[in-house]
Novice: 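Okay, handing you the structure first.
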Amino acid sequence: MESGDRSAPLNLLLEGDKKRKLESSFKIPKKKRTESESKDEVKSPVHSMSPVKDEVKKELTKGVKVKKKSKVVDLEKDEPLSPTLPKEKAVKLPPVAVPEKTTKPPLLETPKAALLETPATPALPSSPTQPDLPSAPALPDEERERFSVEIPKSVIVQEYVTLDDGSKHVLTREIWRKIFAYLPCANLVQCMKACKVWLEWISDPKFWPCINLSRFGPIFPDILKSVVLRQPAEIDLSYCTITRKQCDWLLPRLPSLKTIRMSGLSMNIIGSLNGPMISDLRHIDLRWVDELNDWGLRDLLCTSTGGRDQRPRFRDLQGLQLSGTGITDDAIHNIIKYCPNLKHLDMSYNTNMNDRVVEAICGSDLIYSLTKIDFSGCAHITDKSLLLMKKCYDVTWLDFRSCKEITRGACVRFAHSFKKELVITEDKLIHPPDVEVYA
């Protein structure tokens, strides 16, 4: 019988074994196997309840050989051993030196508390005069360079300009600084390109009280770093292409900043003034910011917008310019509340301003601090406001130019009746006689 013919009945027998349970007493007699048969162990898958002759069993199991995979395990190491390889000629390997096992030193017989204590430092000799210790040997040049400390170049300030022939210039650093003080910023920039010594001298914040970046192109990080290096007291960012990230990085790093001009910028960039490190400003210029409204101004002037904890952010603010913005007459109440020391108020060219703004100002404590008020271009302010302005004791500058409801006669009467000497120029501009008016 061929192996192909035996495949079908063998499968049927295997399925029958799964359904039936063999009796425990039935055992097939074992036959002694030769050495060749012991290598190929065959597991007979055929079992039946009736006795089967050995010849039929051999025929059924002749073509099927199932290798029994056994895994030999080393009991000591609990790891599987490698399979036995055929015998080959033994190869002698060179002897390998086995490192000797080092024994750990015994622990000290002291309690743990004693080990944790710091050792006591030996007391210094009480003799007033100590013998001179021998001096250490001199280090070679390589070791000296290795352990030497380099002083930054910014700390070393040269007092003279070194010429090409190695000699020093006649003028000292202090004389050059007095000369640089008379030069404008444009000429100082040209002098900085002359030599490195002049560059370090002119980088002093004394020569840069104001930095003007208005209408400047793209602002790169090097420009911001140079501004921080000079620490100006006033910076002009009007209509420049600065971003909110750059403002958030720049303004907290200018602790000496007192005046900032941000005309024409977006409300998102102006929001950088809400930082906790920016509270010492004296003058803020927010002219022609169309997105600025009453709520935006309130968020800018106070520390919080909700609850009772509403304190002024800029307590020492003295100048606020809001011309051309979208604020209404209700914004004056926030200005009165959060700017108690205001001296200069610019509300020009705001179409929503009327006489109620002047009434609110004259009914508050700002009458004792305001010295300059600008209402030019406000079409709804009338002569009634001039009568109320007499309560402002220290005001010396009133601008009502381009106010159609304000007459020149009312301005003349106000100037003559005021306790200080005032003059009228340029049609409805009231100011002291010794003040020059710029166009």
Side-chain angles (χ1 to χ4, degrees), residues 149-162 169 171-289 300 314 316-317 319 321:
V149 178
E150 295 183 359
I151 301 175
K153 294 182 179 180
S154 59
V155 177
I156 304 172
V157 180
Q158 298 185 14
E159 295 296 332
Y160 296 91
V161 177
T162 306
H169 197 272
L171 300 181
T172 61
R173 172 172 169 266
E174 293 300 327
I175 298 175
W176 279 116
R177 284 168 61 89
K178 292 178 181 179
I179 296 172
F180 293 148
Y182 291 98
L183 300 179
C185 294
N187 294 341
L188 287 176
V189 173
Q190 298 298 326
C191 293
M192 292 171 67
K193 301 176 182 179
C195 63
K196 293 183 179 179
V197 180
W198 280 16
L199 175 62
E200 293 180 2
W201 291 351
I202 300 175
S203 297
D204 192 341
K206 177 184 176 182
F207 301 110
W208 304 96
C210 176
I211 293 180
N212 187 4
L213 297 178
S214 61
R215 303 184 185 276
F216 198 77
I219 296 178
F220 298 103
D222 294 339
I223 299 175
L224 299 179
K225 291 179 183 177
S226 63
V227 172
V228 174
L229 178 64
R230 286 158 179 80
Q231 290 294 316
E234 179 181 350
I235 187 170
D236 190 354
L237 303 175
S238 303
Y239 299 98
C240 67
T241 57
I242 195 169
T243 62
R244 173 64 185 268
K245 275 188 177 180
Q246 291 175 336
C247 272
D248 291 339
W249 183 90
L250 176 64
L251 297 182
R253 289 169 172 80
L254 300 175
S256 59
L257 187 65
K258 302 302 178 184
T259 302
I260 184 169
R261 303 186 185 278
M262 307 179 76
S263 302
L265 300 182
S266 64
M267 195 60 195
N268 182 31
I269 299 174
I270 294 172
S272 59
L273 295 175
N274 295 333
M277 302 298 293
I278 309 166
S279 58
D280 295 334
L281 292 176
R282 300 291 188 272
H283 190 96
I284 300 176
D285 184 359
L286 302 177
R287 292 177 294 176
W288 306 106
V289 180
L300 181 65
F314 310 105
D316 298 329
L317 189 65
Q321 293 181 265

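We number each residue from 1, following the sequence as shown.
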Novice: I'd like to check T243 versus I269 (side-chain heavy atoms, cut-off strictly below 4.5 Å). Are they in contact?
Specialist: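 No; the side chains remain at least 4.5 Å from each other.
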Novice: Would you please test T259 and L281 for side-chain contact (heavy atoms from CB on, under 4.5 Å) and show each step?
Specialist: CA-CA 6 Å; T259 302; L281 292 176; over 6 Å; no
Novice: Got I219 and Q246 here, is their nearest side-chain heavy-atom distance under 4.5 Å?
Specialist: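 With C-beta onward as the side chain, the pair touches.
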Novice: If I compare all heavy atoms of R177 with all of F207, which pair ends up nearest, and what's the gap?
Specialist: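 The pair with the smallest heavy-atom distance is O-CE2, 3.6 Å.
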Novice: So which of W198, W208, W201 actually passes ring-ring contact (aromatic ring centres under 6.0 Å, His included) with F180?
Specialist: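 Considering W198, W208, W201, a ring-ring contact (aromatic ring centres under 6.0 Å, His included) with F180 is found only for W198.
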Novice: Kindly compute the distance separating CD (Q231) from CD1 (I211), expressed to the nearest 0.5 Å.
Specialist: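 Going from the CD atom of Q231 to the CD1 atom of I211 covers 9.0 Å.
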Novice: Answer whether the closest heavy-atom distance between the side chains of R261 and L237 falls below 4.5 Å.
Specialist: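 They are not in side-chain contact.
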Novice: Would you check if the side chain of R230 reaches a backbone N or O of V228 as a donor-acceptor pair within less than 3.5 Å?
Specialist: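 No; judged by distance alone, with no hydrogens or angles, the pair does not exist.
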Novice: Would V197 and T162 satisfy side-chain contact (heavy atoms from CB on, under 4.5 Å), going step by step from the backbone distance to the final call?
Specialist: CA-CA 9 Å; V197 180; T162 306; over 6 Å; no
Novice: Tell me, do L286 and S263 make a side-chain contact under 4.5 Å, heavy atoms counted?
Specialist: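 L286 vs S263: side chains apart.
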Novice: Below 4.5 Å, heavy atoms only, C-beta onward: do R215 and Y239 meet side chain to side chain?
Specialist: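 A side-chain contact exists here, since the closest heavy-atom pair is under 4.5 Å.
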Novice: How close do S214 and N212 get, counting heavy atoms only, and between which atoms?
Specialist: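 Minimum heavy-atom separation between S214 and N212: OG-OD1, 2.7 Å.
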Novice: Just do the side-chain contact (heavy atoms from CB on, under 4.5 Å) check on S272 and R244 with the steps written out, would you?
Specialist: CA-CA 7 Å; S272 59; R244 173 64 185 268; 3.8 Å; yes
Novice: Roughly how far apart are R282 CZ and I260 CD1, rounded to 0.5 Å?
Specialist: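 The CD1 atom of I260 is 14.0 Å from CZ of R282, to the nearest 0.5 Å.
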Novice: Determine whether S203 and L199 make a side-chain contact, defined as any pair of heavy atoms from C-beta on separated by less than 4.5 Å.
Specialist: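 Counting from C-beta outward, S203 and L199 do come under 4.5 Å.
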Novice: Rounded to the nearest 0.5 Å, how far does CG of D280 lie from CZ of F314?
Specialist: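 Answer for the CZ-CG pair, F314 versus D280, is 10.0 Å.
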Novice: Are a donor atom and an acceptor atom from the side chains of N268 and S266 found within less than 3.5 Å of each other?
Specialist: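 Distance-only check fails for N268 and S266.
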Novice: Sub-3.5 Å donor-acceptor pair from the side chain of T241 to the main-chain atoms of G217, do we have one?
Specialist: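 Flag set: sc T241 to bb G217 pair under 3.5 Å.
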Novice: Does L300 form a side-chain contact (heavy atoms from CB on, under 4.5 Å) with N274? I'd like the steps, not just the answer.
Specialist: CA-CA 6 Å; L300 181 65; N274 295 333; 3.6 Å; yes
Novice: In Å and rounded to the nearest 0.5 Å, what is the CG to OH distance from N187 to Y182?
Specialist: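 Output value for this atom pair is 15.5 Å.
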Novice: Is the shortest heavy-atom distance from the side chain of F216 to the side chain of I223 under 4.5 Å?
Specialist: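 SC-SC contact between F216 and I223 confirmed.
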Novice: Can you tell me if Q158 uses its side chain to pair, donor with acceptor, with the backbone of E200 under 3.5 Å?
Specialist: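 No, because the side chain of Q158 does not come within donor-acceptor range (under 3.5 Å) of the backbone of E200.
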Novice: With rounding to the nearest 0.5 Å, note down the distance linking SG in C247 to CG in L265.
Specialist: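 It is 7.0 Å, given to the nearest 0.5 Å.
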Novice: Which is it for R287 and D285 under the salt bridge (charged side-chain N to carboxylate O under 4.0 Å, His left out) test, yes or no, and what are the steps along the way?
Specialist: CA-CA 6 Å; R287 292 177 294 176; D285 184 359; 2.9 Å; yes
Novice: Are the side chains of K178 and I175 in touch, meaning some heavy atoms are under 4.5 Å apart?
Specialist: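 SC-SC contact between K178 and I175 ruled out.
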Novice: We want to know whether H283 and E234 form a side-chain donor-acceptor pair, criterion being a heavy-atom distance below 3.5 angstrom.
Specialist: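 No - no donor-acceptor pair under 3.5 Å links their side chains.
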Novice: Hey, could you give me the CD1/SG distance between I235 and C210, rounded to the nearest 0.5 Å?
Specialist: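 Output value for this atom pair is 8.5 Å.
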